[in-house]
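All heavy atoms count here, side chains included; hydrogens, waters and symmetry mates do not. For the single chain, residues carry numbers from 1 onward in sequence order.
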Amino acid sequence: MAEHGVEKVRELVADEKMAMLTTVGADGSLQSRPMSLQEVAFDGDLWFFAEAHGGPAQSIQANPQVNVTTGSSSAWVSISGHGSVVTDVAKKKELWNSGAEAWLPQGPEDPSVVLIKVDGDSAEFWDTPGAVATALSFVKAKASGERAQVGENEKVELP
C-alpha cells in the first residue's frame, strides 16, 4: 500500500504549478507563502527559487522544518519535511525558466538567487472523484445518516 501512496502523491503533485510553503518564523509562528514549484519529477523532493535574503530562505536557515501544500478542485496534498537553501549555480541553471526569470531578473548566476529544496519526510493526500460524485455522496450521507465517503485519503512515508 505504501508504494501506491507514494505513486499517488507523485501523480497529484505532477501538474501543480504553485504551492504554499510554510516555514517557522523566528518567533515560532507559522508563515505560509505561495511559491512556484519547479518542474522536476517528484521523488520526495520539491524545489523553489527564492531570494537569499528573503523570508523563506532566512526562516529555513534558522529552522529547517517546513510543510508544502498543493491543491486543486478535487485533490490536495500536504508534504512535511526539511528545507535547505541551495546555492549551487549548476543546479540553479538546470532548473531556471521564464517564470523564475520574471521574479528574479538578476539570473541564476547571481548569489542573491537561491534554491529552496524541500526533502519530504511524509505526505498526506485527499483525492475526490469530482464535484458531481462528491455532491451525490453528500446527499447519500444525509439520507442515510452516515458519514460521507468521498474519495481517498492516505498518509505516506516518503523515500
Please report the C-alpha distance between Thr22 and Arg33 in whole Å, then the side-chain angles of each, then the deciding distance to 0.1 Å, and finally whether the side-chain hydrogen bond (donor to acceptor under 3.5 Å, both in side chains) criterion is met. CA-CA 7 Å; Thr22 302; Arg33 307 159 184 85; over 6 Å; no
Determine, stepwise, if the pair Glu124 / Asn153 fulfils side chain to side chain contact (heavy atoms under 4.5 Å, CB included). CA-CA 7 Å; Glu124 185 168 6; Asn153 169 240; 3.1 Å; yes
Just do the side chain to side chain contact (heavy atoms under 4.5 Å, CB included) check on Ser78 and Asn67 with the steps written out, would you? CA-CA 7 Å; Ser78 175; Asn67 187 269; 3.2 Å; yes
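Using modelled atom types, no side-chain atom of Thr23 and backbone atom of Val66 make a donor-acceptor pair closer than 3.5 Å.
For the atom pair CD1 (Ile60) and NZ (Lys117), the distance works out to 12.5 Å, reported to the nearest 0.5 Å. Here Glu7 contributes atom CD and Leu12 contributes atom CG; the two are 11.0 Å apart, rounded to the nearest 0.5 Å. In this structure, Thr70 OG1 and Asp15 CG are separated by 10.5 Å, a value rounded to the nearest 0.5 Å. Atom CG of Asp127 and atom OG of Ser72 lie 7.5 Å apart (nearest 0.5 Å).
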Can I get a per-line list of side-chain donor-acceptor pairs under 3.5 Å for residues 82-91, giving both atom names and the distance, sequence neighbours left out?
from  : atom 1 : to     : atom 2 : distance (Å)
His82 : ND1    : Asp121 : OD2    : 2.9
Asp88 : OD2    : Lys91  : N      : 3.1
Lys91 : NZ     : Glu94  : OE2    : 3.3

For residues 36-56, tabulate all N or O donor-acceptor pairs below 3.5 Å that involve a side-chain atom, not counting sequence neighbours.
from  : atom 1 : to    : atom 2 : distance (Å)
Gln38 : OE1    : Asn97 : ND2    : 2.7
Gln38 : NE2    : Ser36 : O      : 3.1
Asp43 : OD1    : Asp45 : N      : 3.1

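Scored by the side chain to side chain contact (heavy atoms under 4.5 Å, CB included) test, Ser73 finds no partners at all (sequence neighbours excluded). Considering only residues two or more places apart in sequence or on other chains, Pro34 meets the side chain to side chain contact (heavy atoms under 4.5 Å, CB included) condition with Met18, Met20.
Residue pairs meeting the ring-ring contact (aromatic ring centres under 6.0 Å, His included) criterion with at least one member in residues 98-126: none, sequence neighbours excluded. Counting only residues at least two apart or on different chains, the salt bridge (Lys or Arg N to Asp or Glu O under 4.0 Å) pairs with a member in residues 98-110 are Lys93-Glu109.
Contact detail for Ala123 and Val9: the closest heavy-atom pair is CB-CG2, 3.9 Å. Pairing each heavy atom of Val24 with each of Gln65, the nearest pair is CG2-O, 3.9 Å. Heavy atoms only, all atoms of each residue included: Glu157 and Val6 are closest at O-CG2, 3.7 Å.
Taking hydrophobic clusters as Ile, Leu, Val, Met, Phe, Trp and Tyr residues chained together by side-chain heavy-atom distances below 4.5 Å, Trp76 does not share a cluster with Ile79.
Counting heavy atoms from C-beta outward, Leu21 and Val118 have side chains that approach closer than 4.5 Å. Counting heavy atoms from C-beta outward, Lys155 and Ser122 have side chains that stay 4.5 Å or more apart.
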